[in-house]
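Just so you know, ligand 1 is whichever comes first in the structure, and atom 1 is the first atom listed for that ligand. Everything numeric in this text was worked out from a predicted model, so none of it was measured. Numbers for residues simply follow the sequence, beginning at 1. These numbers come from the heavy atoms of this one structure, side chains and all, not from hydrogens, waters or symmetry mates.
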Amino acid sequence: MKPISIFEEKEFIDGRPRDAITIILKTIGCYRAREGKGCLMCGFIRDCVRRPLEPDEIVSQIDFDRIEEGMIVKIFTSGSFFD
Ligand code: SF4
């Protein structure tokens, strides 16, 4: 399964640029958006699968070949991490 997004960028730590990779995982999505409970600030719910994912479906979204030693890795979910 592919993530919603994966991209490389520079991140400045202590004023020095470091290689970083950001991964936005496809998930069940935020319950607030799923159930219409108030928050519609982001549009990630449109990219979600709207079902619980198996752990290996989550891990399969991470392209470990793109992660190099010393790289900053930022992982986001398409909603609440706890969902
Ligand atoms: S992920 Fe956050 S911003 Fe997006 S709908 Fe849910 S609570 Fe709102």
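Side-chain atoms of K10 and D19, non-hydrogen and from C-beta on, do get closer than 4.5 Å to each other.
Protein heavy atoms all stay at least 4.0 Å away from atom 2 (Fe) of ligand 1.
For atom 4 (Fe) of ligand 1, the count of nearby protein N, O or S atoms, meaning those under 2.8 Å away, is 1.
By the 6.0 Å contact criterion, CZ on R51 is enclosed, its count of non-hydrogen atoms from other residues, nucleotides or ligands being greater than 12.
Checking side-chain atoms of E35 against main-chain N and O of R32 turns up no donor-acceptor pair under 3.5 Å.
Partner of T27 under the side-chain contact (heavy atoms from CB on, under 4.5 Å) criterion, chosen from I4, V49, T77, D47: T77.
Taking CD1 of I75 as the reference point, atom CD1 of I24 lies at 11.5 Å (rounded to 0.5 Å). Note that CE of M71 is 8.0 Å distant from CZ of R66, once rounded to the nearest 0.5 Å.
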